[in-house]
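Step one of this worksheet: look at the structure below.
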Amino acid sequence: MRPKLIIIAGPTGSGKTALAVLMARRFGLPVVSADSRQVFRGMAIGTAQPAPEELAVAEHHLIACRDIADDYTAGDYEREALDILAGLFARHGAAIVAGGSGLYINALCEGMDALPDADPELRLRLEEKWRSEGPAPLLTQLQALDPEYYAAVDRANPRRVIRAIEVCLKSGKPFSSLRSGSSRSRDFEMLKIGITMPRAELYARIDGRVDAMLRDGLESEARALYLYRGFNSLQTVGYREFFDCFDGKISRETAVALIKQNSRRYAKRQMTWFSKDKTINWFAAGETDEAIAMAAKFLAAPIAE
RNA sequence: GGGGGAAUACCAGAGUGGCCAAAUGGGGCAGACUGUAAAUCUGCUGACGUACGUCUUCGGUGGUUCGAAUCCAUCUUCCCCCA
């Protein structure tokens, strides 16, 4: 029988962690996170990592396993998650993935094409060029390297343009020629469960959760990470705003309001991303029993209490 | 009691006779995104319509004018100064 993977997705604050832990306990399964920021150590509060009690209930992976200074990418995630899952499948025959990083979930479920890894130095150079000379030179370069992708890229987006050039330069081939657009077949079965709720309710929950983070010590966590603010890991809602506050650019009150606002916007982007995935089975936040029932059916296992 | 200033779309705020459904910013909404993705980027944002467009707006009312957010009168509200 092929291993089975339950994937829990949804915007921040929708209750993915709680549902994952609930299912983990019911089915006796381990949980693998799919979150680009929870992989880092020292960011427990701001990234809403599972609480110690939750971590104690179920075996968790890919949480707080990287140093703040590390680079971590969707490609790394794909490799690492697959590797971990192989071990978990051998022991349990199934596992749960929960997280809000849509690209990471895609990487895990459908795979990414074999593209060259990031080249920090090259990137730095290209970014500098974009900053000082504007987009024109890089766009010209990309047009020469890969006319096909050039026609399709978002030319206003430096990330997209620079990555494309990076891939072309490092691989010696046009980026577009390396993009298969097809998904890799995986040797496990997947069930995707999404959590939704009315917008107003979600936003209220997000605001409330930020307040809870503040009570839990988000500010001092951010203060402890201030020195590392330049790292990618800290280009993260909840920290950036506090860094600006520590720098005296904004008041604490403004920082808190911005954290809430940026969290809401982040949630919106997540919803936009997940809405494209037609394989997700959506459940309202209160329908945990229904979601668990679907998972049980998928696992072909009785619901043990 | 006297004098002065201001009222513009969700908010802030330009505009001071036609090029104004009204700059710009914020907010909101919608979206894009295959190795930075909690990142990065884009569009829309008076109403109706896919669209050419049509209709209703710039505190209220009434005027002047071919034409008013813009000028005049008056009313209302707010702010400041003198008493």
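Labels below follow one simple rule: chain letters A, B, ... track the order of the sequence lines, proteins then strands, and each chain is numbered from 1.
- When rounded to the nearest whole Å, the span between CG of A:Asp207 and P of B:G28 equals 11 Å.
- Nearest-nucleotide mapping onto RNA chain B: of A:Arg199 and A:Trp273, the residue sitting toward the 5' end is A:Arg199.
- Counting any heavy atom pair closer than 4.0 Å across all strands shown, A:Asp71 reaches no nucleic acid atom.
- Of the nucleotides present, B:U77 is the one that pairs with B:A6 by Watson-Crick or G-U wobble criteria, both distances under 3.5 Å.
- Here B:C48 sits opposite B:G53 as a Watson-Crick or G-U wobble pair (both hydrogen-bonding atom distances under 3.5 Å).
- Ring planes of A:Phe89 and A:Phe188: tilted class, angle from 30 to 60°.
- For the P atom pair drawn from B:U76 and B:A22, the interatomic distance equals 34 Å after rounding to whole Å.
- If you check every strand for non-hydrogen atoms under 4.0 Å, A:Glu127 touches a base.
- We find that CD of A:Gln261 is positioned 17 Å from P of B:C11, with the value rounded to whole Å.
- Of all the heavy atoms in A:Ala20 and A:Ile8, the pair that sits closest is CA-CD1, 3.6 Å.
- B:G67 is unpaired under the criterion used here, namely a Watson-Crick or G-U wobble arrangement in which both key atom distances are under 3.5 Å.
- A:Met271 has its CE atom 14 Å from the C1' atom of B:A38, to the nearest Å.
- Separating the C1' atom of B:C58 from that of B:A9 is a span of 8 Å, rounded to the nearest Å.
- Salt bridge annotation for A:Arg25-A:Glu53: absent, with no cationic side-chain nitrogen under 4.0 angstrom from a carboxylate oxygen.
- Of the C1' atoms belonging to B:A21 and B:U57, the separation is 8 Å, rounded to the nearest Å.
- Within the 4.0 angstrom heavy-atom criterion, no nucleotide atom of any strand lies near A:Gly238.
- Across B:A32 and B:G26, the matching C1' atoms stand 23 Å from one another, rounded to whole Å.
- As judged by a 4.0 angstrom heavy-atom cut-off over every strand, A:Ser101 is placed among residues touching the sugar-phosphate backbone only.
- Using atom P as the reference point in both B:C75 and B:G4, the two lie 15 Å apart (nearest Å).
- The same atom, P, is picked in B:C55 and in B:A68; the two are 15 Å apart, to the nearest Å.
- Base-pair partner of B:A37: not found among the strands shown (Watson-Crick or G-U wobble, both distances under 3.5 Å).
- The side chain of A:Arg160 places no N or O atom within less than 4.0 Å of a non-bridging phosphate oxygen (OP1 or OP2) of B:C33.
- Here A:Lys276 lies in heavy-atom contact (under 4.0 Å) with a base.
- Across the P atoms, B:G13 and B:G49 are found 33 Å apart, a figure rounded to whole Å.
- Under the 4.0 Å criterion applied to side-chain N and carboxylate O atoms, A:Asp146 and A:Lys173 are not assigned as salt-bridge partners.
- Residues of residues 132-156 of chain A that place a heavy atom closer than 4.0 Å to RNA chain B, in numerical order, are A:Asp154, A:Ala156.
- Atom pair A:Arg269:CZ and B:C41:P shows a separation of 11 Å (rounding to whole Å applied).
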Which pairs of donor and acceptor atoms, one on a side chain in residues 236-246 of chain A, lie under 3.5 Å apart (sequence neighbours left out)?
residue  : atom : partner  : partner atom : Å
A:Thr236 : OG1  : A:Arg37  : NH1          : 3.1
A:Thr236 : OG1  : A:Ser233 : O            : 2.7
A:Tyr239 : OH   : A:Met43  : O            : 3.2
A:Tyr239 : OH   : A:Gly46  : N            : 3.1
A:Tyr239 : OH   : A:Glu221 : OE1          : 2.6
A:Arg240 : NE   : A:Gln235 : OE1          : 3.4
A:Glu241 : OE1  : A:Gly238 : N            : 2.7
A:Glu241 : OE2  : A:Asn262 : ND2          : 2.8
A:Asp244 : OD1  : A:Lys249 : NZ           : 3.4

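- A salt bridge is defined here as a Lys NZ or Arg NE, NH1 or NH2 lying under 4.0 Å from an Asp or Glu carboxylate O, and A:Arg223 with A:Glu219 meets this definition.
- Side-chain atoms of A:Arg184 never come within 3.5 Å of backbone atoms of A:Glu110 as a donor-acceptor pair (strictly under, hydrogens ignored).
- If you find the closest nucleotide of RNA chain B to A:Gln235 and to A:Leu178, the one lying nearer the 5' end belongs to A:Leu178.
- Nearest nucleotide to the side chain of A:Arg37, out of B:A37, B:G31, B:U40: B:A37.
- An OP1 or OP2 oxygen of B:G35 is reached within less than 4.0 angstrom by no side-chain nitrogen or oxygen of A:Asn106.
- Using a 4.0 Å heavy-atom distance criterion, A:Thr47 is classed as a base contact.
- Both A:Leu5 and A:Trp282 are members of a single hydrophobic cluster when ILVMFWY side chains are connected at heavy-atom separations under 4.5 Å.
- Not one side-chain nitrogen or oxygen of A:Thr12 sits closer than 4.0 Å to the OP1 or OP2 atom of B:A38.
- Whole-Å rounding puts the A:Arg265 CZ to B:A39 P distance at 11 Å.
- When heavy atoms are screened at a 4.0 angstrom cut-off, A:Tyr203 is found touching the sugar-phosphate backbone but no base atom.
- Residue A:Tyr72 is in sugar-phosphate contact alone, with no base atom involved, counting any heavy-atom pair closer than 4.0 Å across all strands shown.
- Per the geometry, CG belonging to A:Asn262 stands 8 Å off P belonging to B:G27, to the nearest Å.
- Straight-line distance from the CG atom of A:Leu115 to the P atom of B:U34: 10 Å, rounded to whole Å.
- Under the 6.0 Å distance and 45° angle rule, A:Arg229 counts as a cation-pi partner of A:Tyr226.
- Separation of the C1' atoms belonging to B:U74 and B:C82 is 26 Å when rounded to the nearest angstrom.
- Counting non-hydrogen atoms under 4.0 angstrom, A:Tyr104 reaches the backbone sugars and phosphates but no base.
- Applying the 90° criterion around 0 to the glycosidic angle, B:G35 comes out syn.
- The CG-P distance, from A:Leu103 to B:U40, rounds to 15 Å in whole Å.
- Taking a cutoff of 4.0 Å between a charged side-chain nitrogen and a carboxylate oxygen, A:Asp207 and A:Arg264 qualify as a salt bridge.
- Among the heavy atoms of the strands lying under 4.0 Å from A:Arg264 are primed sugar atoms or P, OP1, OP2 only; no base atom is included.
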